[in-house]
S.K.: 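Here's a structure for you.
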Amino acid sequence: MQNNVRVRFAPSPTGYLHVGGARTALFNWLHARHTGGTFVLRIEDTDKSRNTSEAVQVIFDSLQWLGLDWDEGPMKGGSAGPYFQSEREAVYQSYFDRLKEGGHLFEDGGAWRFRSPREVVVVDDEICGKIEFDLRSPETHPDMTIRRPDGSWIFHFVNVVDDIEMKITNVIRGEDHLSNTAKHLELFKALGAEPPRYAHIPLILNPDGTKMSKRDQGASMTSYREAGYLPEAVCNYLCLLGWSPKDDREKMDMSEIVKRFELANVNRKNAAFDLDKCTWLNAEYMKDVSDERFQELARAALGRAGVKLDGYAPEYVTAALATCKGKLRVFHDLPAYAGFYFSDAIAYDPVAAEKQFTVENRPRLAAVRSAFAAASCFDAAAVESALKGVAAAMGVKVGVLVHPTRLAVTGAASGPSLYHLLEVLGREKVLERIDRALGAF
RNA sequence: GGCGCAUUCGUCUAGGGGCCUAGGACACAGCCCUCUCAAGGCUGGUACACGGGUUCAAAUCCCGUAUGCGCUGCCA
């Protein structure tokens with residue numbers, strides 16, 4: 001494996017990082033790390049009107065969140081900079097002049113077009129194989145425009161120029177560029193440059209097979225962070241879309257994937273995005289999260305949901321959140337799951353209330369209340385034995401008592417371990433809530 | 001329309017002529033476990049797009065058809 005591999009991710013700042021773009025970045029990064037090569041980040045911001053610094057920042061944030069660090073590019077520097085196309089005017093101008101001097105260009109209504117040599121071009125793609133494109137007919141393949149009348153540059157031209165200038169050896173990009181590649185090859189040839197190796201990866205589609213656009217669920221990387229997904233889970237899931245380690249491993253950390261990732265093993269088939277599976281993988285990673293990180297991310301998730309923690313003792317918050325660890329698939333679910341810890345306005349789940357707040361359950365709950373009030377202490381073990389004592393005395397199964405108690409105290413039919421949650425809440429609050437529930441029968 | 005790429009369970013995939021009465025995972029259903037819900041364990045159903053070849057033998061190779069996607073921009 002050669003050591004001078006140079007790959008690049010070249011996003012256009014559109015205000016979000018598309019999941020397809022993220023996977024393209026990921027595969028480039030994996031190839032670089034696998035081969036010991038260099039991962040370059042280049043911002044293709046030639047369209048001045050719709051590029052803002054915020055939009056660029058979103059790309060940086062998303063890549064960093066995923067853990068895809070670049071070796072050359074914005075903030076990192078490198079010998080082939082600048083890495084913003086908006087700052088490379090002189091470079092483009094000189095290549096443009098060369099093309100013009102070579103007689104490859106002609107003006108058309110103020111715009112400049114590249115005169116196709118009209119040949120059959122072979123694209124030798126590492127994933128798709130050898131593909132012939134017959135560009136001989138101007139009818140079906142008009143000469144491409146490379147510069148607009150206002151002087152701004154067209155993607156095809158600057159993309160090729162930068163790949164030459166930045167000495168890119170492997171272009172790994174979405175399959176939507178496969179047909180463009182023949183045209184790019186013409187440009188490389190006219191400029192007397194050796195083209196890179198190409199690898200076109202399949203696209204990521206919506207579950208219904210349609211193209212994913214900004215508004216579609218799961219399309220924007222930012223949405224994963226906001227929903228409280230773990231970056232390592234999202235990254236792992238993205239790896240599994242279009243690539244497989246060939247054995248049945250699915251949950252793999254990045255170091256293992258870096259070792260095993262081979263461009264040649266990438267599929268040619270578009271993949272439908274499955275948020276359920278991504279969430280499942282996230283749940284798997286949630287089990288591995290350290291207590292410290294769990295606490296931190298949980299607080300952030302509550303903050304995003306507008307749950308105020310200010311009025312509660314830090315130990316209370318920590319203990320409350322600890323009862324939720326290992327129970328969540330995504331942090332997004334936390335506010336609904338643990339909201340009862342941080343608000344006394346308990347709203348009873350209507351279906352559960354109808355089932356549990358019944359005439360026969362009222363004396364049972366009342367008995368539980370008395371036992372709780374009489375318990376010598378109120379830790380999980382004491383609460384458990386108190387409740388089990390009532391069950392034994394009344395000749396009912398524990399579950400018969402557990403359900404109405406849980407509903408009375410949390411408002412929900414399910415949640416954290418009942419005994420632990422009661423301990424955290426404390427006797428005073430628990431009795432209060434049971435009293436209130438007794439009035440709701 | 002033209003050109004290109006693709007086509008294995010609902011979804012992601014394994015498979016590269018005999019090991020395939022097609023394997024794994026998510027999702028789904030049932031059972032077990034259990035203080036709820038998850039988790040975990042067990043069980044179950046569902047797939048080689050279609051039609052022709054080639055071959056003793058095809059999910060695997062070839063050719064058509066269909067369908068999907070991409071490109072066909074002074075978007076990237």
Side-chain angles (χ1 to χ4, degrees), chain A residues 10-14 18 21 44-47 50 85 108-113 123 125 127-129 131-135 137 139-142 144-156 158-159 173-183 200 202-205 207-211 237 239-251 267-281 283-284 286-287 324 326-329 333 337 352 356 380 383-384 387-388 391 397-403 405-407 410 412-422:
Chain A
S12 177
T14 54
H18 188 269
E44 304 217 333
D45 56 349
T46 53
D47 188 346
R50 67 179 206 211
Q85 289 191 329
D108 175 20
W112 286 90
R113 290 173 176 268
V123 174
D125 191 276
I127 293 168
C128 303
I131 303 155
E132 278 191 6
F133 290 92
D134 186 346
L135 307 186
S137 166
E139 305 298 313
T140 52
H141 297 87
M144 72 177 134
T145 304
I146 66 162
R147 191 176 203 180
R148 302 187 189 88
D150 69 0
S152 61
W153 308 99
I154 300 294
F155 157 77
H156 303 292
V158 290
N159 187 268
R173 64 192 353 175
E175 194 192 58
D176 49 340
H177 286 299
L178 186 57
S179 300
N180 289 331
T181 306
K183 296 193 284 187
H200 286 89
L203 271 19
I204 296 179
L205 273 21
D208 66 357
T210 58
K211 194 176 173 178
Y237 176 69
C239 288
L240 263 19
L241 243 32
W243 175 80
S244 152
K246 304 297 181 191
D247 53 20
D248 292 324
R249 305 255 304 133
E250 295 200 303
K251 186 184 173 215
N267 284 156
R268 301 194 200 180
K269 187 184 138 194
N270 290 165
F273 186 85
D274 184 357
L275 192 61
D276 279 339
K277 184 144 185 180
C278 183
T279 304
W280 165 76
L281 203 49
E284 292 298 301
M286 288 285 259
K287 295 174 190 164
C324 303
K327 311 281 280 184
L328 301 167
R329 297 198 308 158
D333 297 337
Y337 194 78
Q356 301 302 336
V383 161
E384 179 172 359
L387 191 132
K388 283 185 172 163
K397 284 187 179 173
V398 192
V400 173
L401 268 24
V402 164
H403 293 284
T405 307
R406 172 185 298 284
L407 185 63
T410 72
S414 66
S417 159
L418 180 65
Y419 309 133
H420 294 91
L421 126 211
L422 292 171

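Lettering of chains follows the sequences in order, A, B, ..., and the numbering in each one begins at 1.
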S.K.: With nearest nucleotide decided by heavy atoms, which residue, A:Gly209 or A:His177, maps closer to the 5′ end of RNA chain B?
M.R.: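 First, find each residue's nearest nucleotide; the 5'-ward one identifies A:Gly209.
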S.K.: So which nucleotide from B:C75, B:C26, B:C35 ends up closest to the side chain of A:Ile154?
M.R.: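 Looking only at heavy atoms from C-beta outward on A:Ile154, the closest nucleotide is B:C75.
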S.K.: For B:C5, take OP1 and OP2 only and decide whether either is under 4.0 Å from a side-chain N or O of A:Asn270.
M.R.: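 Looking at the OP1 and OP2 atoms of B:C5, neither is under 4.0 Å from any side-chain N or O of A:Asn270.
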S.K.: What is the nucleic acid contact for A:Asn180, judged by heavy atoms within less than 4.0 Å: base, sugar-phosphate only, or nothing?
M.R.: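 Base, at least one base heavy atom under 4.0 Å.
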S.K.: Quick one: is A:Lys269 getting a side-chain N or O under 4.0 Å of the B:C69 phosphate, OP1 or OP2?
M.R.: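 For A:Lys269, the contact criterion (side-chain N or O under 4.0 Å from OP1 or OP2 of B:C69) is not met.
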S.K.: Closer than 3.5 angstrom, by distance alone: can the side chain of A:Asn270 be matched with the main-chain N or O of A:Pro202 as a donor-acceptor pair?
M.R.: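 No; zero donor-acceptor contacts below 3.5 Å.
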S.K.: According to salt bridge (charged side-chain N to carboxylate O under 4.0 Å, His left out), who are the partners of A:Arg249, at least two apart in sequence or on a separate chain?
M.R.: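 Testing A:Arg249 for salt bridge (charged side-chain N to carboxylate O under 4.0 Å, His left out), a comparison that skips the adjacent residues, returns A:Glu256.
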S.K.: Looking for any heavy atom pair under 4.0 Å, which part of the strands does A:Lys327 touch: base, sugar-phosphate only, or nothing?
M.R.: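 Base contact.
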S.K.: Could you check which of B:C74, B:C69, B:U36 has an atom nearest any side-chain atom of A:Leu203?
M.R.: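 Nearest to the side chain of A:Leu203 among the choices is B:C69.
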S.K.: Determine yes or no for a side-chain-to-main-chain donor-acceptor pair under 3.5 angstrom, with A:Ser152 supplying the side chain and A:Arg148 the backbone.
M.R.: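 It does not hold such a pair.
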S.K.: Does a side-chain N or O of A:Ser179 approach OP1 or OP2 of B:G4 to a distance below 4.0 Å, or not?
M.R.: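 For B:G4, neither OP1 nor OP2 has a side-chain N or O of A:Ser179 closer than 4.0 Å.
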S.K.: If you assign each of A:Leu240 and A:Arg147 to its closest nucleotide in RNA chain B, which residue comes earlier from the 5' end?
M.R.: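 Its nearest nucleotide lies further toward 5', so the answer is A:Leu240.
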